[in-house]
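Below is one structure, written out as structure tokens, with a few remarks after it.
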Amino acid sequence: MIDSAKSLDSEFEDILELSKTCKFSNCTHTTEPECSVKKAISEGTLSIERFNDYYATKEESQYVSKKKNKTKAIDYMKKLKLFR
């Protein structure tokens with residue numbers, strides 16, 4: 001699952017960089033005040049579609065990593081091109 005985390009980090013590096021300047025280190029970028037990601041979306045420097053892709057990919061990755069059958073989980077992630 002480490003490869004999928006690295007893939008997420010490299011694919012969405014722009015969002016991860018923005019998140020470093022959020023007020024809260026555990027910001028989910030959904031409801032927290034002073035969120036740099038939400039600010040970038042409202043200013044138009046980050047598209048909502050890109051953020052939605054990031055969030056969906058992150059959620060899928062977390063879901064699959066919790067599965068007990070890792071082989072099945074990895075196959076699922078490969079199918080979605082989240083695991084290389």
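In this text the structure is predicted, and so the values were computed from the model without any measurement.
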Kindly assign one of parallel, tilted or perpendicular to the pair Tyr54 and His29, based on the angle between their ring planes and the thresholds 30° and 60°.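 Tyr54 and His29: tilted rings.
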Heavy atoms, side chains only, cut-off 4.5 Å: are Ile41 and Val37 in contact?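 Side-chain contact under 4.5 Å: yes.
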In Å, rounded to the nearest 0.5 Å, how long is the span from [atom1] of [X] to [atom2] of [Y]?
X     : Y     : atom1 : atom2 : result
Cys22 : Lys39 : SG    : NZ    : 11.0 Å
Ile48 : Phe51 : CD1   : CZ    : 6.5 Å
Leu46 : Leu18 : CG    : CG    : 6.5 Å
Glu17 : Asp14 : CD    : CG    : 9.0 Å

Should the heavy atoms of other residues, nucleotides or ligands under 6.0 Å from CD of Glu13 be counted, would the total exceed 12? no
Where is the tightest heavy-atom contact between Glu32 and Phe24, given as atom of each residue plus distance?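 Shortest heavy-atom contact: CB-CD1, 4.1 Å.
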Flag, side chain of Ser36 to backbone of Ser19, donor-acceptor distance under 3.5 Å: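 No; zero donor-acceptor contacts below 3.5 Å.
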Using side chain to side chain contact (heavy atoms under 4.5 Å, CB included), reason through Phe12 and Arg50 one step at a time and then give a plain yes or no. CA-CA 9 Å; Phe12 297 100; Arg50 178 140 176 85; 3.5 Å; yes
The criterion is salt bridge (charged side-chain N to carboxylate O under 4.0 Å, His left out); which residues satisfy it with Asp53, sequence neighbours excluded? none
